[in-house]
Protein chains: 4
Amino acid sequence: MKTLQQGADEATAAARDARTKSRRKQLLAAAARLMEERGSQEVSMQSVADAAGVSVGLIYRYFGNKQDLVQAVIVGVLEEFSNRVGAAVTEVEDPVRQIAAAFKGYCEVIDENRDGTILAYRDTKTLDAAGRSAVKELELTTGKLLSKAVLDAADAGLIRPVDYRIFAFQLLMTAHSWALKHWYFSRHFSHEDFIAHHTALALSGVLRPETRSQYSDLLGDLA
Amino acid sequence: MKTLQQGADEATAAARDARTKSRRKQLLAAAARLMEERGSQEVSMQSVADAAGVSVGLIYRYFGNKQDLVQAVIVGVLEEFSNRVGAAVTEVEDPVRQIAAAFKGYCEVIDENRDGTILAYRDTKTLDAAGRSAVKELELTTGKLLSKAVLDAADAGLIRPVDYRIFAFQLLMTAHSWALKHWYFSRHFSHEDFIAHHTALALSGVLRPETRSQYSDLLGDLA
Amino acid sequence: MKTLQQGADEATAAARDARTKSRRKQLLAAAARLMEERGSQEVSMQSVADAAGVSVGLIYRYFGNKQDLVQAVIVGVLEEFSNRVGAAVTEVEDPVRQIAAAFKGYCEVIDENRDGTILAYRDTKTLDAAGRSAVKELELTTGKLLSKAVLDAADAGLIRPVDYRIFAFQLLMTAHSWALKHWYFSRHFSHEDFIAHHTALALSGVLRPETRSQYSDLLGDLA
Amino acid sequence: MKTLQQGADEATAAARDARTKSRRKQLLAAAARLMEERGSQEVSMQSVADAAGVSVGLIYRYFGNKQDLVQAVIVGVLEEFSNRVGAAVTEVEDPVRQIAAAFKGYCEVIDENRDGTILAYRDTKTLDAAGRSAVKELELTTGKLLSKAVLDAADAGLIRPVDYRIFAFQLLMTAHSWALKHWYFSRHFSHEDFIAHHTALALSGVLRPETRSQYSDLLGDLA
DNA sequence: CATGAATGAGTGTTCATTCAT
DNA sequence: GATGAATGAACACTCATTCAT
């Protein structure tokens with residue numbers, strides 16, 4: 001049985017924990033906003049503090065040093081990517097349509113956080129070995145969501161015998177390219193068109209002739 | 001008619017010009033080496049001077065400031081890319097094989113300068129508007145070499161009606177991905193395999209059914 | 001006559017007082033350990049709190065600021081010195097042997113707290129005027145224990161007419177030097193040898209020729 | 001034979017070298033003044049720069065970091081000590097009078113740089129292992145000047161068989177004590193008296209009975 | 001043309017101290 | 001009494017840039 005004091009201690013400990021978590025989030029959000037805008041190197045700890053409305057010293061209670069903060073921002077971005085793609089995949093049954101859904105989902109997350117994507121590309125190099133590993137791990141996790149769908153489609157005999165890693169990572173890179181080459185693509189295509197074109201192009205490369213007709217809605221002009 | 005003095009002046013002017021150019025190259029080479037290795041932010045002007053065996057002050061005679069130097073390095077990298085890809089394209093006749101040749105050429109240049117590729121991705125953002133424009137322009141130039149081949153193939157009725165910009169930029173990005181995701185691809189594929197797989201995948205997506213057989217050597221397992 | 005309440009108040013007041021004192025001791029002990037190890041400048045208030053198992057804020061209830069804490073640590077060290085030397089002196093009768101006993105006692109206390117000795121030397125300067133005075137006062141107190149023995153020996157006609165302050169402080173400094181120059185002395189002498197040599201040297205300088213033979217046990221080779 | 005250019009190069013190189021040396025001295029002097037006054041920890045690099053009339057950055061061209069600067073200051077102090085004591089010793093013949101001269105010389109240097117002495121005591125601990133070694137080495141060097149005289153005196157049969165290291169280091173510590181306990185000694189003694197008293201006390205401890213009369217001028221009241 | 005000493009604003013980081021709980 | 005989150009001034013150190021020589 002708990003004494004009153006223990007109950008109170010637990011309550012305050014829980015409250016403190018909650019505050020700690022929200023502080024972290026607040027700092028992370030401020031840092032993410034600035035770093036996505038300018039790149040981590042151009043963001044000083046002081047500017048993060050200012051943006052978050054706290055003092056510099058406080059950041060160091062939540063993140064050991066700047067590199068830790070940068071890593072947390074990047075990991076945060078990638079985690080959200082992974083979560084949302086996971087959700088997108090599970091909403092469909094047909095493996096080929098799963099591929100399309102995952103790709104679409106990924107493209108959409110990327111679009112909503114283009115700056116985060118670019119940040120991950122630019123600043124992963126500044127992390128230490130552990131940080132880089134963590135980032136790669138997350139990317140692999142996301143990649144596996146796609147690989148799974150590709151393997152399922154292959155097992156079902158719906159697609160040609162393509163190397164699933166080549167194909168899956170190609171899709172990932174394509175999604176990234178919307179952020180990385182936005183200056184070019186956005187000049188010529190809406191994001192929907194970009195997704196449609198690339199979905200068609202990718203599937204057109206792997207679908208078996210006899211199954212193409214089932215997916216003519218995805219193939220567009222390439223049907 | 002030229003006086004002797006004028007002749008002498010011209011001669012020295014020319015000599016000076018030559019010396020200026022070689023100094024620039026020397027500085028650029030030193031800067032490129034260091035920046036590709038560590039990223040431009042991690043390279044100090046002093047370290048460039050040391051690597052080039054000159055004084056810091058001298059760099060400022062050839063490049064207005066650090067950003068100028070970074071820009072010159074990146075532009076240098078991209079120019080070499082462009083030149084070498086141009087050479088690769090013109091060596092074949094068949095438009096489809098031109099596409100394959102250009103892609104292969106690009107991949108090879110990228111492979112030989114993976115660090116330069118990454119540098120261009122990481123540090124273009126630090127340039128001013130003019131610098132970024134210059135870089136984009138160069139990338140477009142390279143892209144056009146591919147686009148041209150794609151359009152020719154389409155005109156010849158060899159491929160399906162794919163958007164040539166989507167397809168061409170896709171090939172560029174794929175080549176880049178060898179550098180950008182080298183940690184992943186090199187784990188599973190030799191560079192030759194990487195090229196072969198991606199060539200097959202890309203062409204498989206656009207070749208018309210009736211022409212596929214002509215290019216079965218390029219399509220590999222996807223033939 | 002005391003009311004029950006008053007009695008209770010006194011009891012709790014006494015209890016509080018006791019708790020206060022033990023808290024002070026606990027903090028002081030933690031601080032002393034750390035500061036003797038690393039020097040006061042290298043010890044943060046947070047690290048003292050951690051070592052004592054309390055919060056930072058609590059330290060400020062017992063010591064106004066860091067300087068107060070440092071001062072209390074140093075004073076504590078010196079007080080212990082004084083107490084222990086006092087005990088050593090009173091255990092002998094013969095004034096000359098008192099000198100030797102006091103010196104030996106002091107050397108032993110120093111040896112047992114070499115770090116404390118060094119701390120007092122290093123960090124007294126960081127104290128304010130009041131702190132420095134307090135420290136000097138304590139040192140004088142200790143010095144007087146020796147001076148007294150010296151004066152007694154002089155009164156008894158056992159030693160030459162040496163300036164007692166010069167002689168007494170010399171002994172103090174010699175004892176300190178075991179801590180201050182430990183890197184040197186410990187390389188060549190055990191602590192017992194150190195004491196023996198210095199006792200002999202010091203007494204040899206002041207003993208009258210006619211009394212030397214009584215103390216040949218203390219004079220060693222110098223007898 | 002030297003070309004004109006080579007001659008010019010050498011001239012400028014020499015001039016630069018001279019300027020470099022004087023800059024170092026200037027910075028060292030400024031740093032020494034401040035650090036002797038307040039202790040190295042209380043002196044910021046900025047304050048050294050200000051005192052020397054230069055910018056902070058410049059200090060780092062001459063001293064790798066703050067610790068290097070502190071070490072250079074302490075070493076500078078000790079080197080001067082050593083030099084000046086060396087000069088004092090060589091001016092006399094009689095070994096016993098050499099001891100007295102060296103001690104007197106040392107006391108005088110200490111008196112002229114009491115703050116430097118204290119600095120060496122306080123801040124040697126903040127140096128790294130290499131720095132501490134360098135400092136100890138210098139102290140040993142100075143110690144040897146005294147040891148030599150002591151050994152000579154022993155060889156000449158002028159003094160009792162005292163351990164020369166104990167005796168020599170005792171003299172060093174005594175000289176130091178003028179700086180370390182200046183608050184006490186200066187209250188009671190002029191520096192001359194301090195030297196006279198301690199010379200007498202030290203020699204009285206080691207002189208053989210039959211030689212005392214030769215040095216009655218040094219023994220004072222203890223004669 | 002070439003040097004490199006000199007500048008000084010700016011960075012990441014620490015830590016004594018306060019105060020709401 | 002006791003906590004520890006929060007503050008912010010201070011620090012050591014870096015580096016792009018300038019300019020007298």
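Here is how names work: the chains are called A, B, and so on, in the same order as the sequence lines, proteins then strands, and each is numbered from 1. These numbers come from the heavy atoms of this one structure, side chains and all, not from hydrogens, waters or symmetry mates.
Of the possible polar contacts, one joining the A:Gln26 side chain to the A:Ala52 backbone as a donor-acceptor pair under 3.5 Å is found. Here the side chain of A:Asp123 pairs a donor or acceptor atom with the backbone of A:Ser40 at under 3.5 angstrom. Of the possible polar contacts, none joining the B:Glu36 side chain to the B:Leu119 backbone as a donor-acceptor pair under 3.5 Å is found. Remark: side-chain polar atoms of C:Gln71 are not paired, donor with acceptor, to backbone N or O of C:Leu127 under 3.5 angstrom. No donor-acceptor distance shorter than 3.5 angstrom exists from the side chain of A:Arg38 to the backbone of A:Val43, with no hydrogens or angles considered.
Once rounded to the nearest 0.5 Å, the distance linking CG of A:Leu27 with OH of A:Tyr60 reads 12.0 Å. Taking CD1 of B:Ile74 as the reference point, atom OG1 of B:Thr117 lies at 11.5 Å (rounded to 0.5 Å). In this structure, A:Asp68 CG and A:Ile59 CD1 are separated by 12.5 Å, a value rounded to the nearest 0.5 Å. If you take CE on B:Met35 and NZ on B:Lys66, they are separated by 5.5 Å, rounding to the nearest 0.5 Å.
A sub-4.0 Å separation between OP1 or OP2 of E:dT7 and a side-chain N or O of D:Ser55 is present.
Straight-line distance from the CD atom of B:Glu42 to the P atom of E:dT11: 15 Å, rounded to whole Å. In this entry the distance linking CZ of D:Arg24 with C1' of E:dA6 reads 18 Å, nearest Å. Distance B:Met45 CE to F:dC19 P: 16 Å, rounded to the nearest Å. The CD atom of B:Gln41 sits 12 Å away from the C1' atom of F:dA16 (whole-angstrom rounding). Rounded to whole angstrom, the span from the CG atom of C:Leu27 across to the P atom of F:dA2 amounts to 9 Å.
Annotation: proximity of residues 58-65 of chain C to DNA chain E (heavy atom, distance under 4.0 Å) is found for C:Tyr60, C:Asn65, numbered in ascending order. Taken residue by residue, residues 124-135 of chain A places no heavy atom nearer than 4.0 Å to DNA chain F. Taking a 4.0 Å limit (strictly below) on heavy-atom distances, residues 66-74 of chain C reaches DNA chain E at C:Lys66. Near DNA chain F, defined here as any heavy-atom distance below 4.0 Å, there are no residues from residues 46-54 of chain B.
Considering only heavy atoms from C-beta on, A:Tyr121 stays 4.5 Å or farther from B:Arg122 through its side chain. For the pair C:Asp50/C:Val56, no side-chain contact is recorded, criterion being any heavy-atom separation below 4.5 Å from C-beta on. Looking at heavy atoms from C-beta onward, A:Leu58 lies in side-chain contact with A:Arg23 at the 4.5 angstrom threshold. Using a 4.5 Å cut-off on side-chain heavy atoms (C-beta onward), D:Glu42 and C:Gln41 make contact.
Here C:Ser44 pairs with C:Gln46, C:Ser47 under the side-chain contact (heavy atoms from CB on, under 4.5 Å) rule; sequence neighbours left out.
With a 3.5 Å limit on both pairing distances and Watson-Crick or G-U wobble geometry required, the stems of 3 or more pairs in DNA chain F span E:2-21 with F:2-21.
Closest heavy-atom contact between A:Tyr62 and A:Thr20: CE2-O, 3.6 Å. The minimum heavy-atom distance between B:Val48 and B:Ala31, with the atom names listed, is CG1-CB, 4.0 Å.
Both A:Arg23 and D:Ser40 sit near DNA chain F, but only A:Arg23 has its closest nucleotide nearer the 5' end.
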